[in-house]
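Naming: A, B, ... by sequence-line order, numbering from 1 per chain.
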There are 2 protein chains.
Amino acid sequence: MTSPLGDGLHKDGKRLTPQRLKVLNLFENIGSGKHLSAEEVHEKLVKSSSKVSLATIYRTLRLLVQMGLLHELELSEGGHRYELLSNGTPDHHHLICIRCGRTEEFENDEVLEAGKVAAKVNGFKLIESSLNVRAICPNCI
Amino acid sequence: MTSPLGDGLHKDGKRLTPQRLKVLNLFENIGSGKHLSAEEVHEKLVKSSSKVSLATIYRTLRLLVQMGLLHELELSEGGHRYELLSNGTPDHHHLICIRCGRTEEFENDEVLEAGKVAAKVNGFKLIESSLNVRAICPNCI
DNA sequence: GTTGATGCAAAAACTTTGCATCGTG
DNA sequence: CACGATGCAAAGTTTTTGCATCAAC
């Protein structure tokens with residue numbers, strides 16, 4: 001049996017384990033706009049009686065980011081947060097209040113095109129682009 | 001004597017202290033493309049015999065970000081990093097290798113325009129926009 | 001069977017906080 | 001001279017690691 005995750009892992013001599021699948025499945029089921037911290041991933045897996053140790057979650061999140069399956073966010077909510085980078089849904093961008101941390105999401109194709117060009121010019125293989133717009137929200141002005 | 005920093009602070013009942021000046025000056029002198037962690041800011045200030053406690057540096061970095069003078073980056077190099085957001089130099093974007101962390105910078109006006117629009121549509125007051133392009137660099141492919 | 005992955009607990013790294021004191025406005 | 005800011009040291013978070021055991025290939 002093959003899977004996108006399995007294929008990517010095997011190419012690198014890495015293994016497809018139940019823990020890795022559980023973490024990725026969690027992101028797939030929760031939807032692509034959600035931002036989860038390592039701790040939250042842990043909690044959710046424990047709740048669904050799929051116990052995976054926190055250490056493994058940290059190791060897995062890093063792996064999935066390096067495989068280009070997750071996106072590591074820094075929205076300054078204390079610690080990193082992660083979101084799914086699914087091929088189906090379009091990349092989205094974040095409008096972030098620098099005072100209270102409130103975030104809004106939006107899409108923009110020109111921005112994606114700019115990312116594509118930048119990667120190409122520098123000889124990089126593109127994974128995804130995201131625009132962070134820092135601003136002050138109406139409540140905090 | 002007035003200063004941009006001083007004015008911004010006073011408006012909020014906050015004070016212009018030597019420590020705050022030293023931190024901001026460090027970023028101004030080092031140039032706007034540099035990414036410093038709290039620890040690095042501390043080291044550099046100690047070296048230039050301007051001792052400021054690490055606790056104060058953390059407090060100051062947060063303050064300067066909330067004032068819109070520094071930008072908190074998401075480059076995943078372990079801990080947060082900061083760079084100057086000077087009004088003189090144009091906003092720049094980052095092309096980041098998800099494997100090794102190597103980063104390249106580039107500029108793009110259309111991206112800035114997209115940020116401006118997003119902020120306006122949502123009623124936010126724009127501070128700055130930055131595009132993060134995640135990719136795999138030639139060495140890591 | 002090899003070798004990579006996991007879990008646990010301990011350690012390291014990063015960041016915040018309480019409180020006495022200092023100094024700006 | 002009031003009240004915000006600092007420094008210090010202690011506490012709190014977040015993340016990594018060593019090592020024995022387990023399990024994918």
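A/H42 is not listed as a side-chain neighbour of A/V52, based on a closest heavy-atom distance of 4.5 Å or more. Contact of the B/L69 side chain with the B/L84 side chain is not registered, since no non-hydrogen atoms from C-beta on lie closer than 4.5 Å. Here the side chains of A/E105 and A/L95 are not in contact, with every heavy-atom distance at 4.5 Å or above. A 4.5 Å side-chain heavy-atom check between B/I30 and B/K44 finds at least one atom pair inside the cut-off.
Overall bending of the helix from C/dG1-D/dC25 to C/dG25-D/dC1, expressed as the angle between end axes built from five pairs apiece, is 50° (10° steps).
Within the structure, a side-chain polar atom (N or O) of B/H80 is placed less than 4.0 Å from OP1 or OP2 of C/dT15. The shortest distance between the side-chain N/O atoms of B/Q19 and the OP1/OP2 oxygens of D/dG7 is below 4.0 Å.
Side-chain N or O atoms of B/S50 include one that pairs as donor or acceptor with a backbone N or O of B/S48 at under 3.5 Å.
Non-hydrogen atoms lying under 4.0 Å from DNA chain D are contributed by B/K51, B/V52, B/S53, B/A55, B/T56, B/R59, all within residues 49-62 of chain B.
Between A/M67 and the options A/L70, A/V65, A/L63, a side chain to side chain contact (heavy atoms under 4.5 Å, CB included) holds for only A/L63.
Atom CG of B/D7 is separated from atom P of C/dG25 by 11 Å (rounded to the nearest Å). Rounding to whole angstrom units, CG of residue A/L63 and P of D/dT16 are separated by 13 Å. At whole-Å resolution of the value, NE2 in B/H42 and C1' in D/dC8 are 11 Å apart. Put simply, CG on A/L24 is 16 Å from P on C/dA5, counting in whole angstrom units. One can place CD of A/E72 at 12 Å from C1' of D/dT14, the figure rounded to the nearest angstrom. Residue A/L5 contributes atom CG, which lies 12 Å from atom P of C/dA5 at whole-angstrom precision. Here the C1' atom of nucleotide D/dA5 and the CE atom of B/M67 are 15 Å apart, to the nearest Å. Following rounding to the nearest Å, B/E43 (CD) and C/dA13 (P) show an atom-to-atom distance of 13 Å.
Under a hydrophobic-cluster definition in which Ile, Leu, Val, Met, Phe, Trp and Tyr are linked whenever side-chain heavy atoms come within less than 4.5 Å, directly or via other members, B/I96 and B/V111 are assigned to different clusters.
With respect to the salt-bridge test (charged N to carboxylate O, under 4.0 angstrom), the residues A/E72 and B/R134 do not qualify. B/R102 and B/E104 are joined by a salt bridge, as a carboxylate oxygen and a charged side-chain nitrogen come within less than 4.0 angstrom of each other.
In summary, the side chains of A/H92 and A/E128 do not present any donor paired with an acceptor at a separation below 3.5 Å, with no hydrogens or angles considered.
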#### Entry: Where protein sits on nucleotides 20-25 of chain D, one letter per nucleotide: B base, S sugar-phosphate only, - none, heavy atoms under 4.0 Å
---BBS
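The distance between the ring centers of A/H35 and A/H94 falls below 6.0 angstrom.
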